[in-house]
Asker: 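Have a look at this one.
Order of the sequence lines sets the chain letters (A, B, ...), proteins ahead of strands, with each chain counted from 1.
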Protein chains: 2
Amino acid sequence: MSKKQLIMDTALELFAKQGFEATSVQQITDQCGISKGAFYLSFKSKDELIIALIDYFMMQIISDIDHIVRNTKDEAVLYHFYFTVYQSFYRHSDFAKVLMKEQSQSLNKELIFKMQYYDKLFSETILSMIERLYGEAVSSTKYDLMYCIKGFMNTYSQLFVFYNVPLDLKMLAESLVEKTNLLAQHTTVPFISKEMVAMFKVKQPLSEETKKEEIVGLIENKIEEMEESIEKESLQLLKEQLLDPKFPPAIVKGLLENIRNNPHCKWISYLLGRYFE
Amino acid sequence: MSKKQLIMDTALELFAKQGFEATSVQQITDQCGISKGAFYLSFKSKDELIIALIDYFMMQIISDIDHIVRNTKDEAVLYHFYFTVYQSFYRHSDFAKVLMKEQSQSLNKELIFKMQYYDKLFSETILSMIERLYGEAVSSTKYDLMYCIKGFMNTYSQLFVFYNVPLDLKMLAESLVEKTNLLAQHTTVPFISKEMVAMFKVKQPLSEETKKEEIVGLIENKIEEMEESIEKESLQLLKEQLLDPKFPPAIVKGLLENIRNNPHCKWISYLLGRYFE
DNA sequence: TTGACAAATGACTAATCGGTCATTATTATA
DNA sequence: TATAATAATGACCGATTAGTCATTTGTCAA
């Protein structure tokens, strides 16, 4: 395990237990068995560490959820959505704790923007799922529905973030599917309008409408640090496809599936999935 | 305005803007135009200040909501509940911000207990409302319902806590009433069982099952610091009723209504309401 | 073995914080 | 006015923090 990874693992544990502010760099390095100076060889600052953590996990979680939403074609998508959400929270429960503790609390501008950016991506995934599932029927209530789904997620995730009880994720997902369907099919009094959502829009803090060139850059970086493997070859082919499309969709999809299995490529897979749309 | 009140007002503003940890005592006293030493004449510590703020507002908000729930007899109770909740949040939006920022983040043990205690009171109010409204029909799903109501509250309150937009609280309440009724009448797959709720119960950190003597003590303190008025006389009579019941319910209710109009007596009114129950 | 380079160290700095207390200003009382 | 009591001040303290950098340690090619 690289030193950077060691620091991230250790810090995550301490942040989950004590919170970000309350954990000192000294504590982290003591726990790691390294010196304080060594910490600053891996990260420019303490803030850079928490941002790295948030990026690392949010990219994984969002990629996973988006993938399941895109690739479940029937109405079971809602169930798989909820199940994947809670599975992610369960797997990364330390990260979930950090996220909840530091929620909107952070002083750091960059961090706030980061969170708003990921929240936007997440909202997009949910909204596209709603539209596919219920279509025109929810055109006036879909924003409320999106907020309710997010509300369900937050509310119920607190249960097992704060109490370390193993929960029946299947039943939880089923229960929330029923609730969501009820709201979707019978709601007649919307509250959140399209205009309201637009008003809440972030003023494009990160202009991360990820461009082709940026993705190419990301891929090239990733290729360099990878060993020879199917994933590396797939990445190489996807890069070529990006620059000069020639493969049919089936091949592209297969290549994407290849790299999704590598945790380090999940984010690229997510970006490419949106790009090739 | 007393010095204590000035500090509380100023601090609330700064805490809402910057967070509790990020606001120094020096900043508060500078803004107040007093010295740092003067701060410690009003509060033993910075922690005592945040606790005083939380007590002050939570007592008001919970009293208001509990009162409206107890005194709306027909099925309009749900509407009035939501309306009162959001009205409270709207009136005390700076406090709402502080509450959201400091959510579960606090290191202070006493503060955590305080919050769990108020959360418990709040849950009780919601649960009693659910039982009165839907009765046996929701016996297996009422805990889910309670969590959903809390979820709706949190989710939608973020809207106007973070974006300073004037919202149509009537429509918001209506919209949430419909959603709640839908869930109450059609949910068949519960997730949260009574056992689960019991498992989450706090291990009685504050043994605040407020005893008769404690309430008498509170009343006596309050009487001392009040000027001659109807409210003071009412308090005096309620104290006598507590020690030696002799008035019929109608009179007691009237007396309670008298003191409810004084913001400083709201909490006592709430406690007495529960006691005479 | 040597020397050059990189990695790692931890004492140190500068800043900030909550909280104290000897001192001073203000008010009330006689 | 003189005296006592109370209110208010702000320099100061000890503790803690993120971040730095001169120095030491480790590594590997010559």
Side-chain angles (χ1 to χ4, degrees), chain A residues 1-55 98 101-102 105-112 114 224-225, chain B residues 1-56 98 101-102 105-114 224-225:
Chain A
M1 181 160 44
S2 77
K3 188 143 294 173
K4 200 161 178 168
Q5 196 61 49
L6 171 67
I7 293 174
M8 284 174 73
D9 286 355
T10 310
L12 182 67
E13 220 174 289
L14 291 171
F15 290 168
K17 225 185 293 173
Q18 314 170 336
F20 174 69
E21 299 276 358
T23 305
S24 68
V25 173
Q26 190 72 62
Q27 249 182 301
I28 297 169
T29 54
D30 283 355
Q31 188 96 351
C32 287
I34 63 173
S35 71
K36 205 169 165 186
F39 173 91
Y40 287 93
L41 294 177
S42 294
F43 297 95
K44 279 206 197 75
S45 67
K46 197 185 165 193
D47 278 355
E48 203 187 83
L49 165 62
I50 185 87
I51 286 175
L53 278 172
I54 286 178
D55 275 339
V98 173
K101 288 197 191 206
E102 249 54 50
Q105 146 81 7
S106 48
L107 328 155
N108 187 315
K109 280 271 168 58
E110 193 185 344
L111 223 149
I112 294 177
K114 267 269 150 65
E224 269 183 46
E225 64 192 47
Chain B
M1 180 158 47
S2 76
K3 188 142 293 171
K4 198 159 178 171
Q5 196 62 50
L6 170 67
I7 294 174
M8 282 173 76
D9 287 355
T10 310
L12 182 67
E13 220 175 288
L14 290 170
F15 290 167
K17 225 185 293 171
Q18 314 169 336
F20 174 69
E21 299 276 357
T23 305
S24 68
V25 173
Q26 190 73 62
Q27 249 182 301
I28 297 170
T29 54
D30 283 354
Q31 188 96 354
C32 288
I34 63 174
S35 71
K36 203 169 165 186
F39 174 91
Y40 287 93
L41 294 177
S42 293
F43 296 95
K44 279 207 197 74
S45 68
K46 197 185 168 193
D47 278 355
E48 204 187 82
L49 165 63
I50 184 87
I51 286 176
L53 280 171
I54 286 179
D55 274 338
Y56 179 77
V98 173
K101 288 197 189 205
E102 249 51 51
Q105 146 81 8
S106 48
L107 327 156
N108 186 314
K109 281 271 167 60
E110 193 186 343
L111 222 147
I112 295 177
F113 288 155
K114 266 270 150 62
E224 268 183 47
E225 63 191 47

Asker: Within 45 degrees of the ring normal and closer than 6.0 Å to the centroid, is that where the cationic atom of B/Lys3 sits relative to B/Phe39?
Answerer: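 Checked: cation-pi criterion not met.
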Asker: Need one value for A/Thr29: base, sugar-phosphate or nothing, where a base atom within 4.0 Å counts as base even if backbone is also close, heavy atoms only.
Answerer: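 Nothing, no heavy atom under 4.0 Å.
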Asker: Going by the rule salt bridge (charged side-chain N to carboxylate O under 4.0 Å, His left out), which residues pair with A/Asp9 if we only count those two or more places apart in sequence or in a different chain?
Answerer: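 With neighbours one apart ignored, the set is empty.
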Asker: Expressed as a whole number of angstroms, how long is the span from B/Ile34:CD1 to D/dT6:P?
Answerer: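 Going from B/Ile34 (CD1) to D/dT6 (P), I get 20 Å.
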Asker: Could you state the CD1-C1' distance from B/Ile28 to C/dT16, rounded to the nearest angstrom?
Answerer: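 Taking CD1 of B/Ile28 and C1' of C/dT16, I get 15 Å after rounding.
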Asker: C/dC17 C1' sits how many Å from B/Leu14 CG, rounded?
Answerer: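 In whole Å, C/dC17 C1' lies 16 Å from B/Leu14 CG.
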Asker: Identify, with sequence neighbours excluded, every residue that meets side chain to side chain contact (heavy atoms under 4.5 Å, CB included) alongside B/Leu6.
Answerer: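 Side chain to side chain contact (heavy atoms under 4.5 Å, CB included) check on B/Leu6 returns B/Met1, B/Thr10, B/Cys32.
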Asker: Who are the side chain to side chain contact (heavy atoms under 4.5 Å, CB included) partners of B/Gln26, not counting sequence neighbours?
Answerer: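 Partners of B/Gln26 under the side chain to side chain contact (heavy atoms under 4.5 Å, CB included) test: B/Ser24, B/Thr29, B/Asp30, B/Lys36.
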Asker: Relative to B/Phe43, does B/Lys4 satisfy both conditions: NZ or CZ under 6.0 angstrom from the six-membered ring centre, and within 45 degrees of the ring's axis?
Answerer: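 Output yes; distance and angle both within limits.
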Asker: Determine, for A/Tyr40 and A/Lys46, whether the Lys NZ or Arg CZ falls below 6.0 Å from the six-membered ring centre while staying within 45 degrees of the axis.
Answerer: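 Not flagged: A/Lys46 not positioned over aromatic ring of A/Tyr40.
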Asker: Check each residue of residues 39-55 of chain B for a non-hydrogen atom within less than 4.0 Å of any atom in DNA chain C, then write out the ones that pass by number, or none.
Answerer: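 Result for residues 39-55 of chain B: B/Tyr40, B/Ser45, B/Lys46, sorted by number.
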Asker: For nucleotides 11-16 of chain D, just jot down a letter per nucleotide in 5' to 3' order: B, S or -, based on protein non-hydrogen atoms under 4.0 Å.
Answerer: ------
Asker: Please enumerate all residues that pass side chain to side chain donor-acceptor pair (under 3.5 Å) together with B/Glu48, with sequence neighbours excluded.
Answerer: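 Partners of B/Glu48 by the side chain to side chain donor-acceptor pair (under 3.5 Å) criterion come out as none, since no residue qualifies.
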Asker: In whole angstrom, what separates A/Gln27's CD from C/dG10's C1'?
Answerer: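 The distance from CD of A/Gln27 to C1' of C/dG10 comes to 17 Å, rounded to the nearest Å.
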Asker: Can you check the A/Glu21 CD to C/dC17 C1' distance for me, whole Å?
Answerer: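 My rounded result for the distance is 13 Å.
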Asker: Are the side chains of A/Phe15 and A/Ile28 in touch, meaning some heavy atoms are under 4.5 Å apart?
Answerer: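 Touching, per the 4.5 Å side-chain cut-off.
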